[in-house]
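Read the structure below first, then the notes.
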Protein chains: 2
Amino acid sequence: MTQEPPGAVATVDSVLAALADPMRRRLLDLLATSGETTATALAGVLPVSRQAVVKHLAVLDAAGLVSGNRVGREVRYAVCPAALDATAQWMSALVSDWDRRLAAIKQLAESAERDVR
Amino acid sequence: MTQEPPGAVATVDSVLAALADPMRRRLLDLLATSGETTATALAGVLPVSRQAVVKHLAVLDAAGLVSGNRVGREVRYAVCPAALDATAQWMSALVSDWDRRLAAIKQLAESAERDVR
DNA sequence: ACCACGTGCAACCATGAAGTTGCATCTACC
DNA sequence: GGTAGATGCAACTTCATGGTTGCACGTGGT
């Protein structure tokens with residue numbers, strides 16, 4: 001249950017790692033706004049070099065969060081909601097799991113206290 | 001909309017950064033299972049030193065994912081679902097946002113294609 | 001009082017990741 | 001064919017972070 005099956009869109013691990021970087025989140029935000037954009041165009045807006053952007057895009061691509069397709073001499077990148085969606089679901093599943101366990105523990109604690117009295 | 005208000009349980013940034021580390025996720029898993037545990041006990045189970053565990057717990061605490069309360073000479077840590085829940089919601093909001101924008105873009109692309117014909 | 005156990009603090013090391021620069025390569029256009 | 005714009009690749013620097021060890025400090029039990 002902790003270890004996700006390999007069938008998932010991408011490992012939760014890679015998605016979280018990708019999302020952890022602020023620059024990468026900003027990149028995703030730009031991509032979601034612009035639709036399809038090239039790395040050079042993104043680098044023009046952001047305060048980093050094109051190469052840095054390319055590396056970030058590679059990470060995001062590995063996490064399945066973006067995908068780039070070649071058009072002539074340029075590569076247009078676009079956002080892929082699927083991977084993010086999978087991780088969001090994983091996360092809320094985890095929340096309910098924690099809630100369940102915490103409730104159970106609280107239950108135990110109360111009954112134990114009752115035994116003491 | 002990209003910058004969350006300070007009122008949130010904790011910055012989405014810190015939660016994601018905290019969650020990005022596998023060891024920290026494992027730690028959370030253990031905490032969710034055991035209810036309340038001390039750093040030393042956790043270090044006994046995990047393949048790292050107690051100090052490493054303490055550092056990780058500090059990060060998780062800063063992200064609002066766990067909280068420790070002192071009981072005598074030991075500190076018991078427990079998991080806090082609230083912060084995770086907030087981040088999960090943030091994430092699914094982002095997903096719907098992307099979906100919305102992608103739909104709009106697709107719409108534009110189709111009408112443009114129609115103009116070409 | 002004393003001892004043991006748990007925590008807190010600080011210095012230190014090593015690895016990886018973000019960023020840079022420079023150059024090679026490919027494609028489009030004239 | 002030649003040139004300009006865009007990408008791809010590689011080496012290098014810097015710095016944050018995960019990990020370690022060693023020791024000092026509190027607190028609880030005998």
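All values derive from a computational prediction rather than experimental measurement. By convention in this document, chain letters (A, B, ...) are assigned in the order of the sequence lines, proteins followed by strands, and residues within each chain are numbered from 1.
- Note that CG of B:L19 is 9.0 Å distant from CZ of B:R24, once rounded to the nearest 0.5 Å.
- Rounding to the nearest 0.5 Å places OG of B:S49 at 8.5 Å from NZ of B:K55.
- In this entry the distance linking CZ of A:R73 with P of C:dT27 reads 11 Å, nearest Å.
- Counting to the nearest Å, the C1' atom of C:dG6 and the CZ atom of B:R76 are 12 Å from each other.
- A close approach under 4.0 Å does not occur between any side-chain nitrogen or oxygen of A:S49 and OP1 or OP2 of C:dG19.
- Atom CG of A:L102 and atom CD of B:E36 lie 10.0 Å apart (nearest 0.5 Å).
- Per the geometry, CG belonging to B:D21 stands 6 Å off P belonging to D:dG19, to the nearest Å.
- Formation of a donor-acceptor pair under 3.5 Å by the A:S92 side chain with backbone atoms of A:Q89 is found in this model.
- Distance from the side chain of A:K55 is smallest for C:dA18 among the nucleotides C:dA18, C:dG6, D:dG18.
- Distances shorter than 4.0 Å separate none of the side-chain N or O atoms of B:H56 from OP1 or OP2 on D:dT17.
- A:R24 comes within 4.0 angstrom of the backbone, heavy atoms only, and of no base.
- Closest-nucleotide positions on DNA chain C for A:M23 and A:G72 were compared, and the one nearer the 5' end corresponds to A:M23.
- Residue side chain A:R50 reaches the base of D:dG8 through a donor-acceptor N/O pair under 3.5 Å, judged by distance alone.
- Here D:dG19 presents its C1' atom at 14 Å from CG of B:L27, a figure rounded to the nearest Å.
- Regarding B:R26, its CZ atom lies at a distance of 16 Å from the P atom of D:dG18, rounded to whole Å.
- Side chain B:Q51 to base C:dG8: a donor-acceptor pair is found below 3.5 Å.
- Distances were taken from every side-chain heavy atom of A:R70 (C-beta onward) to each of D:dG8, D:dT20, D:dA6; the shortest belongs to D:dG8.
- The distance between atom CD of A:E74 and atom C1' of D:dG8, rounded to the nearest whole Å, is 15 Å.
- Ion pair B:R101/B:D97 flagged as a salt bridge, since at least one NZ, NE, NH1 or NH2 atom sits closer than 4.0 Å to an Asp/Glu carboxylate oxygen.
- Listed nucleotides C:dT20, C:dA11, D:dA6 differ in distance to A:A52; the shortest reach to its side chain belongs to C:dT20.
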